[in-house]
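So that the names make sense, note that chain A is the first sequence line, chain B the second, and so on, each numbered from 1.
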Number of protein chains: 2
Amino acid sequence: MSALPTSQDVIEVSHRLEEHVVRTPVLRNDALDALAGAQLFLKCENLQHTGSFKIRGATNRLLQIAPERRAAGVVAFSSGNHAQGVARAARLLDMPALIVMPADAPAIKVDGVRRDGAEVRLYDRETESREDIAAEEAQKRGATLVPSFDDPYIVAGQGSCGVEFAHQVRELDTGLDHLICCTGGGGLINGIALAFEALSPDTAIWTAEPTGHDDWRQSLQAGDIKVNAPGTRSICDAILTPAPGLVTWALGKRLLKGGCAVEDDRIEETMRLAFRHLKLVLEPGGAAALACALYDLPMEARGKRVGIILSGGNVDPDQFARIISA
Amino acid sequence: MSALPTSQDVIEVSHRLEEHVVRTPVLRNDALDALAGAQLFLKCENLQHTGSFKIRGATNRLLQIAPERRAAGVVAFSSGNHAQGVARAARLLDMPALIVMPADAPAIKVDGVRRDGAEVRLYDRETESREDIAAEEAQKRGATLVPSFDDPYIVAGQGSCGVEFAHQVRELDTGLDHLICCTGGGGLINGIALAFEALSPDTAIWTAEPTGHDDWRQSLQAGDIKVNAPGTRSICDAILTPAPGLVTWALGKRLLKGGCAVEDDRIEETMRLAFRHLKLVLEPGGAAALACALYDLPMEARGKRVGIILSGGNVDPDQFARIISA
């Protein structure tokens, strides 16, 4: 694979990952269709191993590590979902893993990492650099550092979600006019966009972000990388990155149509709707694409067939309880 | 169809229902397998239209109504899931529906019925007879009364869940040694048992009930219909029936292996585990089979392949919030 993955890479990787990942279901729902004013096709990556899509990229990345380097293991830093993906992939491939996580990460994510046997190193977001800690630990151990999104193997691995989705929609004898996917660093959406470039090239692909963290929307509008104003807060812990990555931007500027964004209170309302109508647990970041379909649907997607990625469900019980009973 | 449905009836009905129901996914989960000490295959009927399996039997029953009787509509009584199944089936088949529901039914279920356009008649559990109200209304309207379980068409319709499940497990290149299904009146489990009689005859089928409402377990042990002691309470509102029905018992005494039962606190713990590990919303009754796999697994099922029906997810947000944050 060269510096930028291709559609062909994504399709090949998806075959390699078949035995490692869940072919997550695609759901339909009348009530949500009526609220969105569109025909929604909901790809449930919250039902993936570890509760998010991240196992896809992590497994593909770990499969690239040369046999003689496997015993030294892997190091990753992440607020949670990538952490869990790497920890599970490492367990399944029998490699040690150290995960650097912020001390305020959701407990459900820290527990998930530990349950898969990985070592956890907590750090203070205010005073420590996770990049420095991870690089230092990787060097000390001779371990491989596993980036969370800005890497061709990670992008290609996440893209397996798109290969599945395109096939599943075809099995339903239909197609997608649009697709909305939550966007942090952009690994998932650009992997999916590569898959759709080959399998469903007429589908328009849109980013979904919380307002104030809509670096992708701003960047796509400007045609150049834009960075979020520092200090903006959102409940969408899984998708808060300051700016598109270099790999993901090189893909995204070519493959993505534009961006949507919603406020946190819309995300919470969407989590309530998913509880009520879908019987699914979504974490805030995992509800972002559905929230955009419900509250910031692009004009041209009205009444159309719209794919939605429900990207994760790792939310602490207390937070979920507070949101659904609001 | 004669008074008792056959395996062949169930398989034929399942084809007729394909266009009306969701082929609900089958999930696996490492963490729950480890807790159960068995290989669990989880059939997610909480992801069915209306949030429970009840649409299957209701649709099949409504499809039997002669064209000249359709305009007069249907009447049903139910604490909630059957109510929603009948309301949705009636909407889809363009028939009016009146549903008699207890005044203390979960609000999410009453709302679901109303959202599908059915008329709701609330009654007082202590002072009124739902059977009398429903019979009187049906007569007044010339409407068809739709029973909730003790009817061959209802049983055959619910059995479509079993036909799907047997095929899905086969698609995974495996089979089921055991299957555990929640049991109220016994419509679902006996429909499934008929499907498995033809498609997977070596699978042992077990009832799942809350302790104190384990009339099926008691009846199967005694070889004759046993009635629960009156006044016993449980949070499993969806599966509280006093005794097996006549149709369902005639099937069950031949097709079912035995019964499991758990206390309500185990049901709540199972709902927490489903939230955490599966990212699924289960209502108390919908969690009963999984709870039995985790806390009352039959000795002979240990280490084996065990099918579990997750039968519904219609739980009020306040109750769910209380349970998951306990």
Tell me which of these, [options], has more heavy-atom pairs under 4.5 Å with chain A than the rest.
options: B/I323, B/V22, B/D30; answer: B/D30
options: B/I324, B/L47, B/L27; answer: B/I324
options: B/A321, B/A31, B/G112; answer: B/A321

Practice task
Determine yes or no for a side-chain-to-main-chain donor-acceptor pair under 3.5 angstrom, with A/D316 supplying the side chain and A/I108 the backbone.
Solution key: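 The answer is yes, because a donor-acceptor pair under 3.5 Å joins these two groups.
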Practice task
Using atom types as modelled and distance alone, determine if a side-chain donor or acceptor of A/D264 lies under 3.5 Å from a backbone N or O of A/I235.
Solution key: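 Here the side-chain-to-backbone pair exists.
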Exercise for the section: Give, as side chain, backbone, both or neither, the part of A/N29 having an atom under 4.5 angstrom from any heavy atom of chain B. Expected result: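 Contact with chain B: none, neither part.
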Quick one: do [X] and [Y] make a salt bridge, cutoff under 4.0 Å?
X: B/E268; Y: B/R322; result: yes
X: A/E164; Y: A/K43; result: yes
X: A/R272; Y: A/E269; result: yes

Exercise for the section: With B/R56 as reference, evaluate B/H20, B/Q158, B/E45 under the side chain to side chain donor-acceptor pair (under 3.5 Å) test and give the passing residue. Expected result: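 Only one of B/H20, B/Q158, B/E45 forms a side chain to side chain donor-acceptor pair (under 3.5 Å) with B/R56, namely B/E45.
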Exercise for the section: Name the option with the most non-hydrogen atom pairs under 4.5 Å to chain B; the candidates are A/S325, A/C44, A/G312. Expected result: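 Ranked by contacts with chain B, first place is A/S325.
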Handout entry: Sole residue of B/R115, B/Q84, B/K109 in side-chain contact (heavy atoms from CB on, under 4.5 Å) with B/T50
Key =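 Of the listed residues B/R115, B/Q84, B/K109, the side-chain contact (heavy atoms from CB on, under 4.5 Å) partner of B/T50 is B/Q84.
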Practice task
Going by the side-chain contact (heavy atoms from CB on, under 4.5 Å) test, name the single residue among A/T24, A/I192, A/V26 that passes it with A/F165.
Solution key: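 The side-chain contact (heavy atoms from CB on, under 4.5 Å) with A/F165 is passed solely by A/V26 among A/T24, A/I192, A/V26.
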Exercise for the section: Write out, in numerical order, the residues from residues 275-288 of chain B with a heavy atom short of 4.5 Å from a heavy atom in chain A. Expected result: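 Under the 4.5 Å heavy-atom cut-off, B/F275, B/R276, B/H277, B/L278, B/K279, B/L280, B/V281 qualify.
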